[in-house]
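Atoms within each ligand, like the ligands themselves, are counted from 1 in listed order. What's counted below: heavy atoms across the whole structure, side chains too, no hydrogens, waters or symmetry copies. Computed from a prediction, not measured in an experiment: that's the story for all the values here.
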Amino acid sequence: MPRPITATIHLPALASNLAAARRAAPASRVWAVIKADAYGHGIERAYPALRAADGFALLEPAEAARLRALGWNKPILLLEGFFDAADVDRLGELGLSTTVHDEAQLRLLEDASRARRLAPRSLDVCLKLNTGMNRLGFDPAGYGAAWRRLQAIEAVRSVTHMTHFSDADGDKSIAAQMAVFHAATHGLPGAACVANSAGTLWHAGSRMDWVRAGIMLYGASPAGRWEDVAAQGLQPAMTLSSRILAVRDVPAGEAVGYGSHYVAPARRRIGVVACGYADGYPRTASSHAGHFAPVWVDGVESRTVGRVSMDMLAVDLSDCPAAGVGTPVELWGRHVPIDRVAAAAGTLGYELMCAVAPRVPVMVEALPAPAEENAGMALAG
Ligand SMILES: *Cc1c(COP(=O)(O)O)cnc(C)c1O
């Protein structure tokens, strides 16, 4: 029998979260952001659940090629654009849309178009404006000139105005960034694409022609607080689960795990679970005294005790008297939101879902059978 840890990808949840993105931004087209191998869920696994998107956004031509191999023939956007001249040729081969965020990319496109390495009027570009994030994008002063240069490139078919928010998920406002965006794009025709998940969920003014939905598709909060998104009907798209490998009664005063920072205040039943940081569970969620993460054991919520080690972690079984060797444990998923485990580790669900280790076997909860889908469509249509 294999080691009992498993990640389960819930395709019905992914499909439902995409529908939630559409409900949140009903007038916008939706880029489903699937960079980082669909935030750790797997592009090939997630594809059937997300194919109702208007386009897929990702980082690498190699990821785009995987999507094309699956049969996707609609838009694919490279969120950071291309990295060298060879990548420009991939744009044409794979029919990709691209972000353009700097002078070097502009020049590569001009060269490729002049050399007819890109067909005339074949390329859709998202021109990125830096509105205050100060990561990628043209500054407002140079934006108009960049836009005009793109218009003059024969290979370019369309230019969409794009920016990215630094604070759509926080307490600060996006108003300053939106003001910069409107000022810099004023009078320049073209569609607009500015919202990430946080904009899509929480900032009406940012839901423009396109939105770029990432984390919300995977059922976690851009801000790291599950309560913020639970009401919008998002569903966790990944469950990390395992089983109890060993149970021991630890007498009062004895410690558990490396560093001995958890000391049983009274006699405690402790379960040892087959999951550690080498599986992608964050060590920092339970790494020092007084620090622990929620876990779901035998129908109740419990918590980790002591340090997370490479292959194991320990949980308190005081409130789960029937739990024993073999009892299933949910590390995160439908009962324990990934946001809460991430919060215990001082990070966000993004980092945890992207970091599930290759050694963890993955299962897929399938979409409803096509027969039912057809029946549903027949009823609806
Ligand atoms: C990753 C990314 C997104 C998606 O962000 P979420 O917060 O996951 O919705 C949107 N736009 C760009 C440019 C990105 O890199």
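Checking only distances, Ala198 never comes within under 3.5 Å of ligand 1, N or O to N or O. The shortest N or O to N or O distance between Tyr350 and ligand 1 is under 3.5 Å. Close N/O approach between Gly214 and ligand 1 is found [any backbone or side-chain N/O within under 3.5 Å]. An N or O contact shorter than 3.5 Å is missing between Asn196 and ligand 1 by distance.
For the ligand labelled ligand 1, residue Trp31 lies outside the 4.0 Å heavy-atom shell.
For atom 10 (C) of ligand 1, the closest non-hydrogen atom on the protein side is Arg212 NE, 3.5 Å.
Atoms OG and CG, on Ser97 and Leu78 in that order, are 8.0 Å from each other to the nearest 0.5 Å. Remark: Asp298 CG to Ile244 CD1 distance equals 7.5 Å, nearest 0.5 Å. Taking OG from Ser197 and CH2 from Trp202, the interatomic distance works out to 8.5 Å, rounded to the nearest 0.5 Å.
With respect to His10, the side chain to side chain donor-acceptor pair (under 3.5 Å) criterion is satisfied by exactly one of Gln235, His41, Arg334: Arg334.
Residue-ligand proximity, Lys35 to ligand 1, at heavy-atom distances under 4.0 Å covers atoms 1 (C), 2 (C), 3 (C), 14 (C), 15 (O). Ligand 1 places these atoms under 4.0 Å from at least one heavy atom of Tyr39: 1 (C), 4 (C), 5 (O), 6 (P), 8 (O).
Side-chain atoms of Arg283 never come within 3.5 Å of backbone atoms of Tyr277 as a donor-acceptor pair (strictly under, hydrogens ignored).
Remark: Arg303 is positioned above the aromatic ring of Phe292, its terminal NZ or CZ atom under 6.0 angstrom from the ring centre and at most 45 degrees off the axis.
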